[in-house]
Amino acid sequence: MRAVVWLVEGTWPACVDAVRVHTPHAREVVLLHVSGSEVPGVAHGAFAGLMGRGRAWETDPGDRLQALGDGSAAELLDAAAERLGRPCVREERSGRPEHEVIAAAEGAGLLVLARDGDRSRLGPHSLGPAARFVVDHAPCPVLLVWPEQAPGLGTIPPPPPHHR
């Protein structure tokens with residue numbers, strides 16, 4: 001079985017721990033990090049539109065932001081691989097995170113991701129838009145983990161009045 005682990009800053013340790021516990025015999029573990037292209041793209045556009053006419057492109061701030069993001073992703077993947085403690089594949093992608101995760105999970109036996117919404121209570125709001133999209137569109141089974149201790153059952157919101 002191939003297990004894909006979506007690593008996001010702040011929640012990745014829980015995902016790595018989950019794959020260690022739940023897939024000890026996985027044939028392949030893919031540690032996946034996806035960088036959004038929005039920030040460097042905005043910087044490139046701003047520089048080209050406001051300051052780039054006739055100027056040297058080597059001072060484009062978008063290039064610097066892209067390099068910083070790449071370095072940060074490499075450090076995160078290194079830390080995750082060390083925590084995993086076994087051979088793995090490190091994969092970096094760039095684009096819309098939810099779409100890149102779905103593409104990376106094609107043919108996988110399991111996709112591991114963490115909740116990215118309101119983690120103070122149980123319920124649908126514990127998933128942000130990106131994780132909701134991935135859970136709804138994953139082409140394989142999904143293991144959804146809490147990045148920290150899950151809230152108690154008393155945090156479940158009551159049903160709307162017309163459903164009681």
Side-chain angles (χ1 to χ4, degrees), residues 1-44 62-157:
M1 171 179 67
R2 183 171 146 257
V4 176
V5 186
W6 181 18
L7 304 175
V8 177
E9 194 68 46
T11 61
W12 67 266
C15 293
V16 172
D17 292 347
V19 81
R20 286 173 57 207
V21 169
H22 297 288
T23 63
H25 304 294
R27 169 179 50 83
E28 180 181 53
V29 174
V30 178
L31 300 177
L32 172 68
H33 181 270
V34 182
S35 299
S37 57
E38 303 84 22
V39 174
V42 168
H44 284 304
D63 294 337
R64 176 75 174 133
L65 288 171
Q66 183 67 47
L68 288 170
D70 291 347
S72 177
E75 289 175 12
L76 189 145
L77 286 167
D78 288 346
E82 184 176 329
R83 186 176 185 111
L84 182 62
R86 68 185 214 210
C88 60
V89 174
R90 300 171 197 195
E91 185 173 341
E92 292 183 53
R93 290 180 174 234
S94 179
R96 288 190 61 185
E98 61 273 25
H99 290 195
E100 293 299 324
V101 171
I102 295 300
E106 182 69 33
L110 183 68
L111 172 62
V112 180
L113 67 138
R115 294 177 183 271
D116 63 349
D118 177 6
R119 298 191 308 257
S120 66
R121 61 188 175 126
L122 299 173
H125 297 291
S126 66
L127 292 178
R132 170 59 61 199
F133 184 92
V134 169
V135 167
D136 288 346
H137 297 88
C140 63
V142 173
L143 174 58
L144 182 61
V145 301
W146 286 93
E148 59 275 324
Q149 185 67 35
L153 292 178
T155 65
I156 296 175

Please, which pairs that meet salt bridge (Lys or Arg N to Asp or Glu O under 4.0 Å) have at least one residue in residues 133-146, sequence neighbours excluded?
-> R132-D136
Hey, are the side chains of V142 and L113 touching, using non-hydrogen atoms and a 4.5 Å cut-off?
-> yes
R115 side chain reached by V145 side chain, heavy atoms, under 4.5 Å = no
Which pairs, with at least one residue in residues 146-156 and sequence neighbours excluded, count as a side chain to side chain donor-acceptor pair (under 3.5 Å)?
-> R119-E148
Okay, side chain of T23, backbone of V19: is any donor-acceptor separation there less than 3.5 Å?
-> yes
At what distance, to the nearest 0.5 angstrom, does CZ of R93 lie from CH2 of W6?
-> 12.5 Å
Just by distance, do the side chain of R83 and the backbone of W12 share a donor-acceptor pair under 3.5 Å?
-> no
Just wondering, do E91 and L31 contact through their side chains at under 4.5 Å, heavy atoms?
-> no
Heavy-atom closest pair (L111 atom, A105 atom, distance to 0.1 Å) is CD2-CB, 4.2 Å
Is there side-chain contact between V101 and L32, with heavy atoms separated by less than 4.5 Å?
-> yes
Within a strict 4.5 Å, meaning less than it, do heavy atoms of the E28 and R2 side chains meet?
-> yes
Starting at SG of C88, measure out to CD of E82 and round the result to the nearest 0.5 Å.
-> 11.0 Å
Are the side chains of V89 and V29 in touch, meaning some heavy atoms are under 4.5 Å apart?
-> no
Determine the minimum heavy-atom distance between L122 and G152, stating which atoms define it.
-> CD1-O, 3.5 Å
Are side-chain heavy atoms of H33 and S35 found at a separation under 4.5 Å?
-> yes
What one should report as the nearest heavy-atom pair of V112 and C15 is CG1-O, 3.8 Å
Minimum side-chain heavy-atom gap D78-R90 below 4.5 Å = yes
Hey, does the side chain of D116 reach the backbone of L127 with a donor-acceptor pair shorter than 3.5 angstrom?
-> no
D118: partners by side chain to side chain donor-acceptor pair (under 3.5 Å), with sequence neighbours left out = S120, R121
